[in-house]
Amino acid sequence: MTDSAKEVALVTGAARRIGAEIVRHLHQSGINIVLHYRTSGEAAREVAAELNQIRPGSAITIQGDFIHNQTIPQMVAKTIQLFGRLDIIINNASSFYPTPIGEITEEDWDILLGSNLKGHLFIAQAAADELRKNHGCIVNIVDIHAERPLKNYPVYSVAKAGLMALTKSLARELAPEVRVNAVAPGAILWPEAPHHEAQHQKIIQRTALKREGEPADIARTVEFLVNNAPYITGQIIAVDGGRTLSN
């Protein structure tokens, strides 16, 4: 059984890494959780089981594909059907891989724009009426590379820049009932694919704090925007250890 008196958050890309950490922080604050996943169903179900051990009936999983957005309205409808409401959307779902100039395909464009931008627009549109009714909020996870493009990642950087613009556009479109903000991580979690350790250390040294951040740094900022920022909308908060202070 679910508790329809509590606020409900739909967190996309919630099965692992930063998404799972956001889920745990919001759940600890008393919010019921819908964990969206695309392919990581087993991991999503493990996190949901963990949360339901703490508070029975407080978490469910839902599958959806942001690249082909036909499933998005169904995700929103199922959330409302099962929990009776939807108050919060955390758009964390993302694809990330290099697309050097000369090697970019239309499929790359569709995947990276779909998972980082298009899907976020259509989930906001599908949930707009419910969020307005509940005076809810949206938090998008963007990237500091939306403003400082990452070399060899032009399509990803463009997608995140679009999500930054979408954040501000939705804040205007959905006001005054719905707040829309974003968090822009810096050096928090490195891609799971192999990466160059020397480059890793170089990036860390270019942060003002000279250290790597943690997923909890992002999760705490998201929780602040959800629970403790009633007069903040249309803002992008960089959580980057001062990386954007460097040239």
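We count residues from 1, following the sequence as given. These figures come from a predicted structure and were not determined experimentally.
Under the 4.5 Å side-chain criterion, counting only non-hydrogen atoms from C-beta, Val8 is not in contact with Ile88. In this structure, Arg85 and Asn134 have side chains that are in contact, with non-hydrogen atoms separated by less than 4.5 Å. Between Ile144 and Pro185 the shortest side-chain heavy-atom distance does not fall below 4.5 Å. Proximity of Lys168 to Ile236: side-chain heavy atoms (C-beta onward) are separated by under 4.5 Å at one or more points. Taking 4.5 Å as the limit, every side-chain heavy atom of Arg17 sits out of range of all side-chain heavy atoms of Pro215. Taking 4.5 Å as the limit, some side-chain heavy atom of Ile31 sits within range of a side-chain heavy atom of Asn227. Residues Leu131 and Cys137 form no side-chain contact, since every pair of their non-hydrogen atoms from C-beta on lies 4.5 Å or further apart.
Of the inter-residue distances, the one linking Ile138 atom CD1 with Leu225 atom CG reads 12.5 Å to the nearest 0.5 angstrom. Rounded to the nearest 0.5 Å, atoms CD (Glu173) and CD (Gln125) are 10.5 Å apart. Annotation: the span from Lys78 atom NZ to Ile80 atom CD1 amounts to 13.5 Å, rounded to 0.5 Å. Atoms CG and CD, on Asn228 and Glu223 in that order, are 7.0 Å from each other to the nearest 0.5 Å. In this structure, the separation between NZ on Lys6 and OG on Ser29 is 9.0 Å, given to the nearest 0.5 Å. Separating the CD1 atom in Ile90 from the CG atom in Asn140 is a distance of 8.5 Å, to the nearest 0.5 Å.
Of all the heavy atoms in Ala15 and Ala20, the pair that sits closest is O-CB, 3.8 Å. When all heavy atoms of Gly186 and Asp240 are compared, the closest pair comes out as CA-CB, 3.7 Å. Nearest approach of Asp108 to Glu103, heavy atoms of both residues: OD2-O, 3.8 Å. Closest non-hydrogen pair, Thr167 versus Ala182, comes out as OG1-CB, 3.7 Å. Taking both residues in full, the closest heavy atoms of Ser40 and Arg16 are given as OG-CD, 3.8 Å, listed atom of the first, atom of the second, then distance. Annotation for Asn52 and Ser58: closest pair OD1-N, 2.9 Å, computed over non-hydrogen atoms.
Checking side-chain atoms of Thr61 against main-chain N and O of Ala44 turns up no donor-acceptor pair under 3.5 Å. With hydrogens and angles ignored, the 3.5 Å screen pairs a side-chain donor or acceptor of Asp65 with a backbone N or O of Ile67. With hydrogens and angles disregarded, a donor-acceptor distance shorter than 3.5 Å links the side chain of Arg55 to the backbone of His27. Judged by distance alone, with hydrogens and angles left aside, the side-chain atoms of His25 form a donor-acceptor pair with the main-chain N or O of Glu21 at under 3.5 Å. With hydrogens and angles disregarded, no donor-acceptor distance shorter than 3.5 Å links the side chain of Asn152 to the backbone of Pro100. A distance-only check finds a donor-acceptor pair linking the side chain of His36 to the backbone of Gly13 [under 3.5 Å]. Side-chain N or O atoms of Lys160 include none that pairs as donor or acceptor with a backbone N or O of His145 at under 3.5 Å. Looking at His120, its side chain does come within 3.5 Å of a backbone N or O of Ala93 through a donor-acceptor pair. The backbone N or O of Asp87 lies less than 3.5 Å from no partner atom in the side chain of Glu7, so there is not a single donor-acceptor pair. Listed for the Ser95 side chain is no donor-acceptor partner under 3.5 Å among the backbone atoms of Ser115.
A chain of hydrophobic side-chain contacts below 4.5 Å, direct or via other Ile, Leu, Val, Met, Phe, Trp or Tyr residues, connects Leu121 to Val180. Hydrophobic clustering of Ile, Leu, Val, Met, Phe, Trp and Tyr side chains at less than 4.5 Å, counting indirect connections, unites Val183 with Ile232. One hydrophobic cluster, built from ILVMFWY side chains closer than 4.5 Å, holds both Val47 and Leu26. Hydrophobic cluster membership differs between Ile54 and Leu35, with clusters built from Ile, Leu, Val, Met, Phe, Trp and Tyr side chains linked at under 4.5 angstrom. Ile33 and Tyr37 end up in different hydrophobic clusters when Ile, Leu, Val, Met, Phe, Trp and Tyr side chains are linked at under 4.5 Å.
Taking a 6.0 Å sphere around CD of Glu50, one finds it holds more than 12 heavy atoms contributed by other residues, nucleotides or ligands. Other residues, nucleotides and ligands place no more than 12 heavy atoms under 6.0 Å from the CD atom of Glu147.
For the salt bridge (Lys or Arg N to Asp or Glu O under 4.0 Å) test, residues two or more places apart in sequence or in another chain that qualify with Arg220 are Asp217.
Contact check on Lys133 versus Glu130 returns a salt bridge, with a Lys/Arg side-chain nitrogen under 4.0 Å from an Asp/Glu carboxylate oxygen.
Put simply, the residue from Asp110, Thr105, Asn116, Ile104 that forms a side chain to side chain contact (heavy atoms under 4.5 Å, CB included) with Val155 is Ile104. When each of Leu163, Leu10, Ile123, Ile141 is tested with Asn91 by the rule side chain to side chain contact (heavy atoms under 4.5 Å, CB included), just one qualifies, namely Ile123.
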Q) Could you go step by step and tell me if Ile111 and Tyr97 meet the side chain to side chain contact (heavy atoms under 4.5 Å, CB included) rule? A) CA-CA 10 Å; Ile111 291 171; Tyr97 61 87; 3.8 Å; yes
Q: Show your reasoning for whether side chain to side chain contact (heavy atoms under 4.5 Å, CB included) applies to Thr99 and Tyr156.
A: CA-CA 8 Å; Thr99 53; Tyr156 171 81; 5.9 Å; no
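In summary, the aromatic rings of Tyr153 and Phe96 are positioned with their centroids under 6.0 Å apart.
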